[in-house]
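See structure below.
Residue numbers begin at 1 in each chain, while the letters A, B, ... track the order of the sequences.
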Protein chains: 2
Amino acid sequence: MADSDRMAESDRMADETAQVGRPRNEAASAALKAAALRLVRTEGYGVSVSAIIREAGVSRQTLYNRWPTKAELVLDAFFELAGMQVATPDLGGDTPRRDLLATFLREVFGHLRKDADLLRTLIAEAQTDPGFRAVFFDRFVRPREEIVLALLRDAQARGEMNAGRDPDLASAMIHGAFWYRLLNDRPLTDAVADGLADEVFR
Amino acid sequence: MADSDRMAESDRMADETAQVGRPRNEAASAALKAAALRLVRTEGYGVSVSAIIREAGVSRQTLYNRWPTKAELVLDAFFELAGMQVATPDLGGDTPRRDLLATFLREVFGHLRKDADLLRTLIAEAQTDPGFRAVFFDRFVRPREEIVLALLRDAQARGEMNAGRDPDLASAMIHGAFWYRLLNDRPLTDAVADGLADEVFR
DNA sequence: GCAGTTAGTAGACTGCAGTCTAATTATACA
DNA sequence: TGTATAATTAGACTGCAGTCTACTAACTGC
């Protein structure tokens, strides 16, 4: 298997190998992502691949030339078009780390309220497709985990959190509470975000 | 839709309505559960329904007369045959509640180590099938949640935990950490169980 | 222009879960 | 013995994601 087979579609342009053969039509990628996000939001993840390619106006093979599965197309569309970027908390200032954590969690929960069903489906897809699980971990899980870990370690360094605590375990409890509530259909409110920050810094 | 359509297969015998028509062959249910659990454990959840009914020696329709989906058959097989029952912690004695929680979590993690992949798949199925989600919640999520909630409330009543804490949030952090590690392919060790108990009772 | 290479198209194909059909079988009751 | 009812069977069928085939189109380099 060539490396490029598992490469995120958007990174492929960075390949500077001399071009040979017919060039890829980049408009098709954009059309596919736009169609996928729109249809998944209006009809749910169960929308068929046939409907997506019909709306994008491309052939089936063109989709599978770019993404190995429907899940990876939807993941790309979701992250590029749905405003999923979260601001990394500013650890330079003097804001109490408990407050930075609460703000971060409020922001994450807020972004997700609109697309909770979609995120649940992507987590589900990750359970039955190891390749997609790795991609999902890199794009969604790890970045959020590293933000929280950096924040907790900084809080320990500043004496706002006991140095004996295990940041990995605390991070699993924070993200876990979020996943658990998401996967069991319970709302992710600002009150939950604040409560989690209070519990961790108690 | 009749109530019985969503009734757990094993509860149906409790229906004492006078029998009319050909009686259900109960041996077929047992054969299906045994075949499902054996094949899912050896070949993974991806094993086909055709393979399960072939091994059980029954027809396709006989399976779907008893369970609405493959997931519900596997769930029944898992809970009845895989020794998933956990002992409810004894809140009558004087054992510190932190220790009861640690023991409970060790037991849950231990049972799951053997069938972690299967449980992950069932959680995934629950995300795309609301009917199955309800069944899974009743059989797996709620019982474990209620055990932990009762333990935490008892600990508060005994003064082993601050009365101001929110047991629902603490429970979500405990179970969440477990789900998060399970769904992200990280091991559920005794050390994690003990660490969670320590964090909650810190 | 022509060869080589790669992306594009339409659509057939595979294997899957779950539904449906038609015929058969086991029971209760009259 | 016959009728009503519901479970059983084999297997066809539907709609799905993803693969494959045969062909066409766009580009590079000679």
Side-chain angles (χ1 to χ4, degrees), chain A residues 1-2 4-6 9 12-13 15-32 36 39-40 43-54 56-75 121-122 124-125 128-132, chain B residues 1-2 4-6 9 12-13 15-32 36 39-40 43-54 56-75 121-122 124-125 128-132:
Chain A
M1 178 201 276
S4 57
D5 284 10
R6 275 246 88 80
E9 189 276 338
R12 196 188 289 263
M13 278 184 286
D15 258 358
E16 296 295 353
T17 51
Q19 174 174 307
V20 174
R22 177 173 175 171
R24 177 168 291 196
N25 173 12
E26 297 303 335
S29 300
L32 279 164
L39 288 175
V40 162
E43 322 217 338
Y45 185 82
V47 68
S48 70
V49 165
S50 296
I52 295 172
I53 62 174
R54 193 185 321 127
V58 305
S59 76
R60 202 170 188 76
Q61 189 57 49
T62 294
L63 189 165
Y64 287 104
N65 280 349
R66 290 162 164 74
W67 295 275
T69 60
K70 179 169 95 169
E72 296 214 23
L73 162 60
V74 172
L75 183 70
T121 310
L122 294 177
E125 288 295 315
T128 47
D129 177 347
F132 181 67
Chain B
M1 176 200 274
S4 59
D5 284 11
R6 273 246 88 80
E9 188 276 337
R12 195 189 290 264
M13 280 184 284
D15 259 359
E16 296 295 351
T17 51
Q19 172 175 310
V20 173
R22 178 172 173 170
R24 176 169 290 197
N25 173 12
E26 296 302 336
S29 299
L32 279 164
L39 289 175
V40 163
E43 322 217 336
Y45 186 82
V47 69
S48 70
V49 165
S50 296
I52 294 173
I53 61 175
R54 193 184 321 125
V58 305
S59 76
R60 204 171 188 75
Q61 188 57 49
T62 295
L63 190 165
Y64 286 104
N65 279 349
R66 290 163 166 74
W67 295 276
T69 61
K70 179 169 93 167
E72 295 215 23
L73 162 60
V74 171
L75 183 71
T121 310
L122 293 177
E125 288 294 315
T128 47
D129 176 348
F132 181 66

Which is more 5' along DNA chain C, the nucleotide nearest A28(A) or the one nearest E125(B)? Just name the residue.
A28(A)
Mind listing the closest non-hydrogen atom pair of T62(B) and A28(B) along with its distance?
CG2-CB, 4.0 Å
Write down the atom of F132(A), the atom of L122(A), and the distance for their closest heavy-atom approach.
CE2-O, 3.3 Å
Y64(A) side chain: which of dA7(D), dA17(D), dC16(C) is closest?
dA17(D)
Between atom CZ in F132(A) and atom P in dG18(D), what is the gap in whole Å?
11 Å
Specify the separation, in whole Å, of atom CD1 of I53(B) and atom P of dC16(C).
12 Å
How far apart are the closest heavy atoms of L32(A) and R66(A), and which atoms are they?
CD1-CD, 4.2 Å
Minimum heavy-atom separation for N65(B) and R24(B), please, with both atom names.
O-NH2, 3.4 Å
Using 0.5 Å steps for rounding, measure from the CD atom of E125(B) to the CG atom of L75(B).
11.0 Å
K70(B) has its side chain closest, among dG18(C), dG8(C), dG18(D), to dG18(C)
Side chains of I52(B) and L73(B), heavy atoms from C-beta outward: is any pair under 4.5 Å?
yes
Check the distance between dT6(C)'s P and E26(A)'s CD and give it to me in whole angstrom.
17 Å
Taking all atoms of both residues into account, what is the closest heavy-atom pair of V49(A) and K70(A), and its distance?
CG2-CD, 3.7 Å
Measure CG/D129(A) against C1'/dG18(D) and give the value in whole Å, please.
12 Å
Below 4.0 angstrom from OP1 or OP2 of dT8(D), is there any side-chain N or O of R66(B)?
yes
For dG8(C), does OP1 or OP2 lie under 4.0 Å from any side-chain N or O of N65(A)?
yes
OP1 or OP2 of dA25(D) less than 4.0 angstrom from a side-chain nitrogen or oxygen of R24(A), does that happen here?
no
If I compare all heavy atoms of A51(B) with all of L39(B), which pair ends up nearest, and what's the gap?
O-CD1, 3.7 Å
Hey, what are the protein-to-nucleotides 26-28 of chain D N/O distances that come in under 3.5 Å?
from: dA26(D); atom 1: N3; to: R22(A); atom 2: N; distance (Å): 3.4

R54(B) atom CZ is separated from dG15(C) atom C1', nearest whole Å, by 13 Å
In whole Å, I'd like the distance from the CG atom of L63(A) to the C1' atom of dG18(D).
10 Å
Considering just the side-chain nitrogens and oxygens of T62(B), establish if one lies under 4.0 Å of OP1 or OP2 belonging to dT9(D).
yes
Check: protein-nucleotides 10-12 of chain D nitrogen or oxygen pairs below 3.5 Å:
none

